[in-house]
> 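Provided herewith is a single structure, encoded as structure tokens, for subsequent inquiry.
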Amino acid sequence: MYKENTTMNKLQKTRIVDLLQREDFGTGVQVKGWVRTRRGNKQVGFIALNDGSTIHNIQIVVELASFDEELLKQLTTGACIRVDGVLAESPAQGQKAEIQAKEIEVYGVSDPNTYPLQKKGHTLEFLREIAHLRPRTNTFGAIFRIRHEMAQAIHRFFHDNGFYYFHSPIITASDCEGAGQMFQVTTLDLYNLKKNEKGGIDYSEDFFGRQTSLTVSGQLEAELAAMALGAVYTFGPTFRAENSNTPRHLAEFWMVEPEVAFNDIQDNMDLAERFIKYCIKWALDRCQDDLAFLSKMYDNDLFDRLRFVVENQFVRLAYTEGIKILEAAVANGHKFEFPIYWGADLASEHERYLVEEHFKKPVILTDYPKEIKSFYMKQNDDGKTVRAMDVLFPKIGEIIGGSQREENYDKLLSRAKEMGVPDQDIYWYLDTRRYGTAPHSGFGLGFERLLLFVTGMANIRDVIPFPRTPRNAEF
Ligand code: ATP
Ligand code: MN
């Protein structure tokens, strides 16, 4: 039965994803993984084993008479085991190979009376409460493999296009995206805060000798780098203390921020469109099995939607034109929760109306009123709008926000002052405009928003391993 030279005690572990492809039946193999289910009769047991390398399990066939009774009792759902056995052609439909067990070792038992993942069909809400165990479900195995693949896609895209991966700091002293949204970082004794003469907190005693927070964006630092390396991107954790309990907001999320010297807003849009299509195509090419599972379970239109985005040109439209379309919709009886008028910041319902109802395509909206955008965006000649661009996606709304940056020192400084940005705190940022300034552009993609789109999941808490949201930081 065993091939020559193959003895059980010399076996090396093989991943299940590889084993399921093999046809060299009769070979000795070893797998290590977690028991998903066990069924069988008085003679044989069938164990579905998963090792995380694929959504698919491998079937382990156990001749009960050949194994110790105590050991067999331990082969319950959730247990972790090693199996040495013989690769065999599977009579079961849908899988080529199974393993006839010769030797089983139990690494870790799992008490079936308390293991929370016994039966199938747990709700996503319940699984969020056991986020420490949910990676062991089919759904979250698929999601986290896709998440990994998308991170690889991002690095590959930028690397192949001449971008450098630049690490912007996580702790920052600048607060230019608007106060109140940042998480403060301090080692001060909160039970015993020293005040300065003005009655404020004396930050000179704090770890950095000044007030610091977790970053809301790596963009300002990326701009510094782009003015030296040409094209860079950041990809790291980002923090926002905004109290928005929505299916699209996290307090801690990952952001991808390319920044490119000499790119104008058109180049920026081209880059965003090419980049996002590349990532989605990567998923279609490499995550077939996981996407098929998620599509079957949660979202039948998933593949169509992904292919549609890859194959179609995004609509490019000025904000002012977008407002006209939305106003016409209201005039025709469409009801929005939030009012629509020129100058309004678009809510996700407006963004989704443009994308899902009106154009039925992803939309890049440009040239927003300067009042609702950041101080660093390049001002248009009309004096009213800035060269901003938001990429709006079906089911998500805003997935990317970006702009051409204001490269003129005087204009940038006066806009910073107008918007109450403490310019003495960002002298280093302003310096780029004093020494060899250049036109440049960039954008931020919310990694989890991209994952929402790619996986078809409806809640952003389900595409990050351990979500941080208001009143929730367990695990
Ligand atoms: P929104 O209007 O949706 O709150 P924003 O305009 O505040 O987003 P930006 O500052 O433009 O967001 O950030 C760039 C990108 O980061 C957004 O397009 C989005 O994809 C993502 N993003 C922003 N805030 C969050 C958040 N709280 N959780 C997850 N992703 C986010
Ligand atoms: Mn934005």
Side-chain angles (χ1 to χ4, degrees), residues 147 150 154 168 172 174-183 214-220 222 233-259 268-269 272-273 275-276 279 314 319 322 338 344-352 354-355 362-377 386-405 419 441-455 457-470 472-473:
R147 189 178 164 106
M150 297 320 287
I154 286 162
S168 49
T172 175
S174 67
D175 172 18
C176 47
E177 302 261 339
Q181 288 201 358
M182 301 182 94
F183 290 100
L214 297 177
T215 187
V216 295
S217 158
Q219 179 202 318
L220 300 191
Y233 69 106
T234 70
F235 184 8
T238 311
F239 306 86
R240 304 224 175 148
E242 58 197 341
N243 201 352
S244 23
N245 239 319
T246 80
R248 291 178 315 281
H249 288 89
L250 291 162
E252 176 181 306
F253 63 100
W254 286 63
M255 185 135 72
V256 185
E257 294 179 277
E259 192 69 39
N268 207 31
M269 286 192 271
E273 183 165 345
F275 167 56
I276 211 158
C279 292
F314 298 1
Y319 167 94
F338 296 99
D345 204 353
L346 297 188
S348 145
E349 56 173 347
H350 305 129
E351 298 171 340
R352 292 182 59 178
L354 291 174
V355 172
V363 174
I364 310 184
L365 212 56
T366 61
D367 302 292
Y368 284 71
K370 62 180 181 187
E371 284 76 19
I372 57 171
K373 289 293 181 184
S374 302
F375 75 98
Y376 49 69
M377 297 191 179
V386 287
R387 256 169 240 181
M389 52 160 248
D390 281 7
V391 181
L392 312 178
F393 254 45
K395 290 191 77 179
I396 312 278
E398 180 184 332
I399 193 165
I400 281 179
S403 69
Q404 183 166 343
R405 317 306 188 187
M419 296 187 78
S441 300
F443 59 80
L445 165 85
F447 186 47
E448 285 77 17
R449 299 246 177 119
L450 173 66
L451 285 169
L452 275 180
F453 185 74
V454 169
T455 60
M457 301 305 286
N459 193 315
I460 200 162
R461 293 165 181 78
D462 295 330
V463 296
I464 189 165
F466 304 104
R468 266 65 182 124
T469 52
N472 174 27

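The model shown is predicted, which means the values in this text are computed figures rather than measured ones. All heavy atoms count here, side chains included; hydrogens, waters and symmetry mates do not. Each ligand, and each atom within it, is numbered from 1 in the order the structure gives.
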> If you count the atoms of ligand 1 from 1 in the order shown, which ones are under 4.0 Å from a heavy atom of I460?
29 (C)
> Within a strict 4.5 Å, meaning less than it, do heavy atoms of the W254 and F235 side chains meet?
yes
> I want to know if ligand 1 touches I399 in the polar sense, i.e. an N/O pair below 3.5 angstrom.
yes
> Restricting to N, O or S atoms of E398, which is nearest to the Mn ion (ligand 2)?
OE2
> Answer with side chain, backbone, both or neither: which part of R449 has a heavy atom less than 4.0 angstrom from an atom of ligand 1?
side chain
> Provide the number and element of each atom of ligand 1 under 4.0 Å from a heavy atom of M255.
13 (O), 14 (C), 15 (C), 16 (O)
> Identify, with sequence neighbours excluded, every residue that meets salt bridge (Lys or Arg N to Asp or Glu O under 4.0 Å) alongside E448.
R147
> Is there a donor-acceptor contact under 3.5 Å from the side chain of T246 to the main chain of R248?
yes
> Quick one: does T172's side chain have a donor or acceptor within less than 3.5 Å of a partner on S174's backbone?
yes
> Check each of E351, R248, E398 against atom 8 (O) of ligand 1 and report the one with the nearest heavy atom.
E398
> What atoms of ligand 1 come within less than 4.0 Å of a heavy atom belonging to E242?
27 (N)
> How far does CD of Q181 sit from CD of E242, to the nearest 0.5 angstrom?
5.0 Å
> Taking heavy atoms and a distance under 4.0 Å, where does I400 meet ligand 1: side chain, backbone, both or neither?
backbone
> May I ask you to check if ligand 1 and L250 share an N or O to N or O distance below 3.5 Å?
yes
> By number and element, which atoms of ligand 1 are closer than 4.0 Å to a non-hydrogen atom of H249?
1 (P), 3 (O), 4 (O), 26 (C), 27 (N), 28 (N)
> Check whether any N or O atom of F253, backbone or side chain, sits under 3.5 Å from an N or O atom of ligand 1, and answer yes or no.
no
> So F443 and F275, would you call those rings parallel, tilted or perpendicular, with 30° and 60° as cut-offs?
tilted
> Got L445 and M255 here, is their nearest side-chain heavy-atom distance under 4.5 Å?
no
> Is it true that a side-chain atom of N268 and a backbone atom of G442 form a donor plus acceptor pair closer than 3.5 Å?
yes
